[in-house]
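To find a chain, count down the sequence lines: A is the first, B the second, and so on, and within it residues start at 1.
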Amino acid sequence: MKVVSWNINSLRKRQDRLFPWLEATKPDVVCLQETKCTDEQFPVLALQAAGYHAVYHGEKSYNGVAILSKSAPVDVVISLGDKEPDSQTRAIAATIDGIRVYSVYVPNGQAIGSAAYQYKLRWLARLRDRLALEKTADTIVAGDFNVAPGDIDVHDPDLWRGAIMCSDEERAAVKCIADLGFSDTLRQLHPDARLFSWWDYRMLAFPKDRGLRIDLILAGGDLMNRWSGAGVDREMRKGKDPSDHAPIWAEFNR
DNA sequence: ATGGCATAATTGTTATGA
């Protein structure tokens, strides 16, 4: 089973990329973030015609998450399902082929110490609490974490030291989730590789490979012993009108 | 010290991203 996570940065703007890519790569599950469209705007019928089920949780202009799948999704939960108010559409979960799948868009955090930063840390703590309650052992948490887990995930660690997405607090919050029993699939398979998933649109960052690895596919339960591959689909960051993120993927044996 | 570039809301400019 091939699982992909992609911050698409506007689904409507990226449809001409999405559909040929689905046809060419045929992933079993696609977790999308920053769909930037309401549920009414979601292209359900076009996806159906392409052979994909879809569950989605979106809003106007910002945020928005979705899960596309070849098999039918069941037990869909939107948001983090806790008692705190959720004004932003940043999480959705569904069970697909017996595997619990989360698509998450962790808040950006803007600047260290800002209100947005506190919201980000709180959101990661809430995600951890949610995952701790998860009954299904075979769980995948895929998405844009807006945190580079280690210095190896940063093109220039000294430049980024202590900056947003690289602070000790943010990294500790992500480690806290991993410590529930999740493995960072890509890093596990490629412990020393310089692999990024996001490159700034400015300053020729992509051609210079000045990126960060902030998109993750975390796998728990028996899945940890079943993966057969993981990587970054760099081709999708090339060409006209790309998202600033490339899709990342992980493959599991049945 | 800051912007660069991109997107969505709108039509001149702002909010947000990472």
Side-chain angles (χ1 to χ4, degrees), chain A residues 5-18 31-43 56-66 86-91 103-124 127 142-174 186 194-217 232 234 236-248:
Chain A
S5 180
W6 186 25
N7 180 322
I8 194 169
N9 189 12
S10 176
L11 196 159
R12 285 173 295 159
K13 185 86 182 175
R14 225 65 67 195
Q15 285 194 76
D16 291 347
R17 271 179 185 267
L18 175 67
C31 296
L32 296 174
Q33 302 85 37
E34 281 207 271
T35 53
K36 293 186 176 177
C37 67
T38 62
D39 293 346
E40 291 73 27
Q41 294 169 322
F42 204 89
Y56 38 89
H57 179 42
E59 65 189 280
K60 194 169 139 180
S61 305
Y62 301 115
N63 309 314
V65 286
D86 245 328
S87 58
Q88 302 176 6
T89 52
R90 294 185 176 275
S103 178
V104 298
Y105 176 45
V106 176
N108 163 283
Q110 289 175 357
I112 305 286
S114 66
Y117 182 69
Q118 294 308 323
Y119 178 65
K120 178 181 195 173
L121 292 175
R122 179 68 203 135
W123 203 91
L124 282 165
L127 176 61
D144 178 358
F145 281 74
N146 270 317
V147 178
D151 279 352
I152 192 174
D153 304 307
V154 181
H155 69 88
D156 185 343
D158 289 331
L159 181 68
W160 283 85
R161 197 162 313 284
I164 194 72
M165 299 187 282
C166 298
S167 73
D168 291 343
E169 262 184 312
E170 290 165 272
R171 286 175 172 176
V174 171
L186 188 77
R194 184 183 160 89
L195 290 166
F196 307 129
S197 64
W198 169 86
W199 300 261
D200 199 308
Y201 281 123
R202 299 166 291 187
M203 303 267 296
L204 301 172
F206 181 66
K208 292 177 177 171
D209 202 25
R210 296 171 61 85
L212 303 178
R213 192 176 69 94
I214 54 179
D215 299 272
L216 308 174
I217 297 175
V232 179
R234 287 177 54 91
M236 284 292 278
R237 183 60 177 78
K238 300 176 181 175
K240 184 173 157 50
D241 290 337
S243 166
D244 45 356
H245 296 251
I248 61 165

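Rounded to an integer number of Å, the gap from Lys60(A) NZ to dT16(B) C1' is 15 Å. In this structure, Leu11(A) atom CG and dT7(B) atom P are separated by 13 Å, rounded to whole Å. Computed from coordinates, the Asp144(A) CG to dG17(B) P distance equals 11 Å when rounded to whole Å. Atoms CZ (Arg202(A)) and P (dT7(B)) sit 13 Å apart, rounded to a whole Å. We find that CH2 of Trp160(A) is positioned 11 Å from P of dA18(B), with the value rounded to whole Å. The separation between Arg90(A) atom CZ and dG17(B) atom P is 6 Å, rounded to whole Å. Here the P atom of nucleotide dA8(B) and the CD atom of Glu59(A) are 14 Å apart, to the nearest Å. Whole-Å rounding puts the Ile8(A) CD1 to dT7(B) C1' distance at 13 Å.
Note on Asp200(A): nothing from the nucleic acid sits closer than 4.0 angstrom, heavy atoms only. Here Phe145(A) lies out of heavy-atom contact (under 4.0 Å) with every strand.
Atom name C1', nucleotides dT7(B) and dA18(B): the rounded distance is 14 Å, in whole Å. Nucleotides dA1(B) and dT14(B) place their C1' atoms 22 Å apart, quoted to the nearest Å. When the P atom is compared between dA15(B) and dT11(B), the two are found 14 Å apart, to the nearest whole Å.
For Trp198(A), the listed nucleotide lying nearest its side chain is dA18(B); candidates were dA18(B), dA15(B), dA6(B). Counting only heavy atoms from C-beta on, Tyr201(A) has its side chain closest to dC5(B) among dA8(B), dA18(B), dC5(B).
For His245(A) and dA18(B), the shortest distance from a side-chain N or O to OP1 or OP2 is below 4.0 Å. Within the structure, a side-chain polar atom (N or O) of Asn7(A) is placed less than 4.0 Å from OP1 or OP2 of dA18(B). Proximity of Arg14(A) to the phosphate of dT7(B): a side-chain N or O atom is located under 4.0 Å from OP1 or OP2. Not one side-chain nitrogen or oxygen of Arg213(A) sits closer than 4.0 Å to the OP1 or OP2 atom of dA18(B). When the side-chain nitrogen and oxygen atoms of Gln110(A) are compared with OP1 and OP2 of dG17(B), one or more of them lie within a distance under 4.0 Å. Within the structure, every side-chain polar atom (N or O) of Ser61(A) is placed at least 4.0 Å from both OP1 and OP2 of dT16(B). A sub-4.0 Å separation between OP1 or OP2 of dA18(B) and a side-chain N or O of Tyr105(A) is present. OP1 or OP2 of dA9(B) has at least one side-chain nitrogen or oxygen of Arg12(A) nearer than 4.0 Å.
Each of Asn9(A) and Gly109(A) has a nearest nucleotide on DNA chain B; the 5'-most of these lies closest to Asn9(A).
Residues satisfying the side-chain hydrogen bond (donor to acceptor under 3.5 Å, both in side chains) criterion with Tyr117(A), sequence neighbours excluded, are Ser167(A), Glu169(A). In this view, Asp215(A) satisfies the salt bridge (charged side-chain N to carboxylate O under 4.0 Å, His left out) rule with no residue, not counting sequence neighbours.
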>> Is there a side-chain hydrogen bond (donor to acceptor under 3.5 Å, both in side chains) between Asn108(A) and Lys120(A)? Walk through the geometry before answering.
In response: CA-CA 7 Å; Asn108(A) 163 283; Lys120(A) 178 181 195 173; over 6 Å; no

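One donor-acceptor pair, N or O on each side, does fall under 3.5 Å between the base of dA18(B) and the side chain of Asn108(A).
Heavy atoms from other residues, nucleotides or ligands lying under 6.0 Å from CG of Asp16(A) number 12 at most.
A distance of 10.0 Å separates CG in Leu212(A) from CG in Asp156(A), rounded to the nearest 0.5 Å.
The aromatic rings of Phe42(A) and Tyr56(A) sit parallel, their planes meeting at an angle under 30°, below the 60° perpendicular limit.
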